[in-house]
Amino acid sequence: MVGDPIVEVTGLRKRFGDVEAVRGIDFRVEVGETYGLLGPNGAGKTTTISIVAGLLRRDAGEVKVAGMPMDIDTAAPRALIGLVPQELAVYPDLTGRENLRFFGKLYGLSGASLRRRVEEVLEVIGLRDRADDRVDEYSGGMKRRLNIGIGLLHEPKLLILDEPTVGVDPQSRNAILESVEALSASGRGVLYTTHYMEEAERLCDRVGIIDEGRLVAEGTRRELIRLVGERDRVRLQGSGNLSGAADALGRLDGVGDVVAADRSLEVVTVDAARLLPELLAVATEAGMAVTQVEVSQPDLESVFLHLTGKALRD
Amino acid sequence: MTKAFTIAAVGVLRLFRDRSNIFFVFVLPLALVFLIGSVFGGGFTPTIGVSAPDGELAREVVSRLEETDGIGVRSYTARDELVRAVERGDVQAGVILPVDFDEALEGDGTVAVEFLARPDAAGPQLRTAVAAAIAEESALVRAARFGERRGLTEAFDVARRLQGEVSGVEVVTRAVGEALFPSSLGRFDLGASQQLVLFMFLTGLAGASALIETRQLGVIRRMMSTPTGVGTILLGEVLGRYGVVLVQGVYIVAFSLFAFGVDWGDPLGAVAILVVFGAVSTAFAVLMGATFRNAQQAGGLGVILGLGVAALGGSMVPLEIFSPTMRRVAHLTPHAWAYDAFAELVRRDGSLSDILGELGVLAAYALVAGTLAVWRLRVVTTWE
Ligand SMILES: Nc1ncnc2c1ncn2[C@@H]1O[C@H](COP(=O)(O)OP(=O)(O)O)[C@@H](O)[C@H]1O
Ligand SMILES: [Mg+2]
């Protein structure tokens, strides 16, 4: 059904002995949406998605996958999920193709469709040439790509990726991010955890910021940034009537403070991308010759800092 | 169920990927069967002690024995001395020709030749050799006697006919000493069943570290994220271990049967032991694999345990040599029961129905260890 969430999590709690890993988490992932769980190590990301994938018993709360309740012993919703665990979960002494065939069978594929999907996935993860080499001869990035590929075999409605780029060289990392972008473009729901702010910004339609087992904020990147009152900053450099330009800019809707400095103005605004043409026009009209424009937008890092008082990574 | 076999098949496939496994599973056991068979079973000539009177025909018999291939002959003057030598095992058999051997053979009377043998040695073969030597001799004598009356050509015909069935000479066998192994036991037979049991158990326990590794690789967890039930996954893992053990067992039996002619007794019985003992090994392996966290530790412990239990259970030194107390202790191990079962099949020509008791004990081992193992495995795979 259109508009039905592929995942719906409410009131999720999980405790390991004295550690309260998850303390009341709610979120939903819409069909075709890429949802990011952004938070530092130990925030409870892996615990949360393990419960969502039906691998871990929860203490409280509810998880629904495509409307079906998900539990540790329910099988049906699992066919809809492709889980890519944080740690590599492949047989190192088998070849890439053998690994894919094995998990493909467990996902219920067989015969011609299994063969076809294995080839397609090998293509997607760029391992066609090395498909018949043992995995322990692969580079770190290749292993990661295989790890992801296994989760794609049965064309799941929901792909869950748990920090897929950790410990990967920049080139492989980029390849991974590109394939995730392609996957979400193909209408799949993606639940993506990371502690890299840039990845959440680049990939995710919506982000849940998670810390110490709680979702401290949630929304699109812009919503989150607005939530904490952070503003974009536009620095206009140039000459001419700087003070006149500052006055004119200050009167515009959506512009906050305007600070004039020697040969430059700093404009605080809610949405630099939208207002930039107007800012330039107004400043020019007021007699300023703008020679250089610098836009700085606050990132999720600063949102996280603002919300939790600490950095995403130390 | 298909998925369980898929999982099991990967377990077996992974075994073959490791060259050192191939050595330990397939090469080493047979090498040991062959080696032990050669050292303890072969390259050894049985000696017959002979006590013979000083007659011409008696001397002929002795020299015929000496000419027989594969037999050594040692002379004893006193009968008692020869009996003691057989008892001590200095010689494998003894032949006592009566003092009136020559006269009795030349006359029409019956002559009794006493044959002493340790029942364990190649007794019957030696007995046949002795009987043949005496038969030849006496046949010639009788033929010659006959020939004196009928002429030479006819005499030779008769001699040839008589070589098999000589009347007048009776070889009386007496068992001396305690029987250890029946004479029909081939040189490789004893070692083979011991090695089989030892290695099936050892390979089983090695499966424990493979299982731990699979757990640590996160592969089991990942399997659980697929639409595959926990029961199916566990069954697959268990079947995988079992498959490896069975493949090895069948291979050792088949190869040793065809290459070394090892006697495994009643095929049905042998298969039953393989199946049940394989299950015991698997159960212990899974129990270990679900209990330990460190694959190396489990591997090392598996080897020590596998060899220790095997030694205790008669897979290195025959159980018959154990003291009665040690034999009781030995029967705490599954190995001893498998040993007994094979002994029944191979040495006493038993069939499946004769080893049901041993099979039952082994099945009980498999059931108890297996139940514990699956319970443990379920706990660790769903809570980790
Ligand atoms: N199996 C477990 N046993 C005990 N504590 C655990 C277990 N798994 C996770 N934790 C704890 O729960 C918290 C959240 O962990 P996790 O969900 O792995 O965080 P993240 O994936 O965000 O790094 C951490 O404090 C971690 O130590
Ligand atoms: Mg994690």
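Proteins get letters first, then strands, A, B, ... in listed order; numbering begins at 1 in each. What you see is a predicted model; the values in this text were computed from it and never measured.
At a 4.5 Å heavy-atom cutoff, the contact between B:Thr214 and chain A is made by side-chain atoms alone. Looking at A:Arg134, the atoms closer than 4.5 Å to chain B (heavy atoms on both sides) all sit in the side chain, from C-beta outward. With a 4.5 angstrom heavy-atom cutoff, A:Leu88 touches chain B only via backbone atoms. When heavy atoms are compared at a cutoff of 4.5 Å, A:Leu80 does not approach chain B at all. B:Ile220 does not touch chain A: none of its heavy atoms, backbone or side chain, sits under 4.5 Å away. B:Val219 touches chain A through backbone and side chain together, each having a heavy atom under 4.5 Å away.
Under the 4.5 Å side-chain criterion, counting only non-hydrogen atoms from C-beta, A:Val84 is in contact with B:Arg222. In this structure, B:Arg221 and A:Ser50 have side chains that are in contact, with non-hydrogen atoms separated by less than 4.5 Å. Side-chain contact between A:Phe103 and B:Ser225 is absent, with no heavy-atom pair separated by less than 4.5 Å. A:Val90 places none of its side-chain heavy atoms less than 4.5 Å from the side chain of B:Leu217. Side-chain contact between A:Tyr91 and B:Glu213 is absent, with no heavy atoms from C-beta onward closer than 4.5 Å.
Between chain B and the options A:Ala79, A:Ala76, A:Pro156, A:Gly108, the largest number of non-hydrogen pairs under 4.5 Å is found for A:Ala79. Interface remark: of the candidates B:Arg14, B:Met223, B:Lys3, B:Arg14 forms the most heavy-atom pairs closer than 4.5 Å to chain A.
Look at B:Arg17 and A:Asp93 and you find no salt bridge, because none of the NZ, NE, NH1 or NH2 atoms lies under 4.0 Å from a carboxylate O.
With a 6.0 Å radius and a threshold of 12 heavy atoms from other residues, nucleotides or ligands, B:Tyr251 has its OH atom above the threshold. Taking a 6.0 Å sphere around CZ of B:Phe26, one finds it holds more than 12 heavy atoms contributed by other residues, nucleotides or ligands.
Taking each heavy atom of B:Pro227 and A:Leu106 in turn, the nearest pair found is CD-O, 3.9 Å. Shown here for B:Gly218 and A:Ala89, the closest heavy-atom pair between the two residues is O-CB, 3.5 Å.
Interatomic distance, OG1 of B:Thr226 versus NZ of A:Lys105, reported as 13.5 Å (0.5 Å rounding).
For the residue pair B:Thr228 and A:Arg78, no side-chain donor N or O sits within less than 3.5 Å of a side-chain acceptor on the partner.
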Where do B:Met224 and A:Ile72 land on the side-chain contact (heavy atoms from CB on, under 4.5 Å) test, with the steps shown first? CA-CA 9 Å; B:Met224 292 205 283; A:Ile72 188 121; over 6 Å; no

